[in-house]
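A quick write-up on the structure given underneath.
For this chain, numbers begin at 1 and follow the sequence in order. For clarity, every value in this text was computed on a predicted model and none was experimentally measured. Scope of the values below: all heavy atoms of this structure, side chains included, with no hydrogens, waters or symmetry mates.
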Amino acid sequence: MSSIEQQLKYKFNNYKLLETALTHGSVNSNVSKNYERLEFLGDRVLGMVVASMLYKIFPNEPEGSLSQRFTALVCKETVAEVAKNIGLDKFMFVAENDIRDNENVLCDVCEAVIGAIYIDSGVIDAIKFVEEHWRELIDNKIAPPKDAKTTLQEVAHAKGLSAPMYKILDKSGPEHEPVFLVEVRLSEELFAQGNGHNKKLAEFDAATKMLRQLNK
């Protein structure tokens, strides 16, 4: 595990926590021996640390701008990017190799590692980890990015289309980690579906996919 610890820039006291954080359900379905519970914890720690960083770095920005930055920094695409940069995909315990490229899994594993660090040595080291791997992403975002829903609404208006309408199609998964399936529709022919661990994230995902359709 020393190689991955160098990538993480953190040395574990309890290696079992790191092993659990890297274990996918396809290898071990026991919830105490795969990353699911640690991901649940790490997701909350990540959100708290990123929100705190943004609050300090941008003292003059209103809540709306901070929220846009926050959404961009904790979305699955960004967290999966961090996981790839660290090289977590190479160390994951999975039943099939194609799982290593799954954006949702990469995001979950990265959050699980944050949760594992929190359990291993406390909040201070968890904060240091997030600050180490997210600081550059924050510095690179000079202006607050528009979220996908706002952008879609503007694009739809510019193209003379109806305002986007969102609808929850399904909710699955355990209560502590639900998955929402949401549809966004601009017309009978123009629609897209997205998913996420809450309604808001699922709507963002659907809006992002609709924007890709419109830009083709």
| said: Using modelled atom types and a 3.5 Å cut-off, is there a donor and acceptor pairing between side-chain atoms of Trp134 and backbone atoms of Val50? | reply: no

| Hey, does the side chain of Thr20 reach the backbone of Lys16 with a donor-acceptor pair shorter than 3.5 angstrom? | yes

Report yes or no: do [X] and [Y] belong to one cluster of Ile/Leu/Val/Met/Phe/Trp/Tyr joined by side chain heavy-atom distances under 4.5 Å?
X	Y	value
Met48	Tyr55	no
Val179	Val109	no
Phe204	Leu137	no

| note | The side-chain hydrogen bond (donor to acceptor under 3.5 Å, both in side chains) partners of Asn97 (sequence neighbours excluded) come to Arg100

Output all residues satisfying salt bridge (Lys or Arg N to Asp or Glu O under 4.0 Å) with [X], sequence neighbours left out; order by chain, then residue number.
X	result
Asp120	none
Asp205	Lys209
Lys11	Glu5

Between atom [atom1] of [X] and atom [atom2] of [Y], what is the distance when rounded to the nearest 0.5 Å?
X	Y	atom1	atom2	value
Leu18	Asn13	CG	CG	11.5 Å
Met165	Leu186	CE	CG	10.5 Å
Thr151	Met210	OG1	CE	14.0 Å
Asn60	Ser65	CG	OG	11.0 Å
Ser121	Tyr10	OG	OH	2.5 Å
Asn102	Glu96	CG	CD	11.5 Å

| field | Gln7 side chain to Ser3 side chain, donor-acceptor N/O pair below 3.5 angstrom | value | no

Does a side-chain heavy-atom distance below 4.5 Å link [X] with [Y]?
X	Y	result
Tyr118	Asp125	no
Lys84	Asp101	yes
Glu203	Val184	no
Val182	Asp170	no

| query | Linking Ile, Leu, Val, Met, Phe, Trp and Tyr through side-chain heavy atoms less than 4.5 Å apart, which residues share a cluster with Leu169? | reply | Leu181

| said: Quick test of your reading: applying side-chain hydrogen bond (donor to acceptor under 3.5 Å, both in side chains), list the pairs with at least one residue in residues 23-38, sequence neighbours left out, ordered by first then second residue. | reply: His24-Ser26, Asn30-Ser32

| query | For the residue pair Phe70 and Gly47, what are the closest heavy atoms and their distance? | reply | CE1-O, 3.2 Å

| request: Output yes when Lys128 and Glu132 qualify as a salt bridge under the 4.0 Å nitrogen-oxygen rule, no when they do not. | output: no

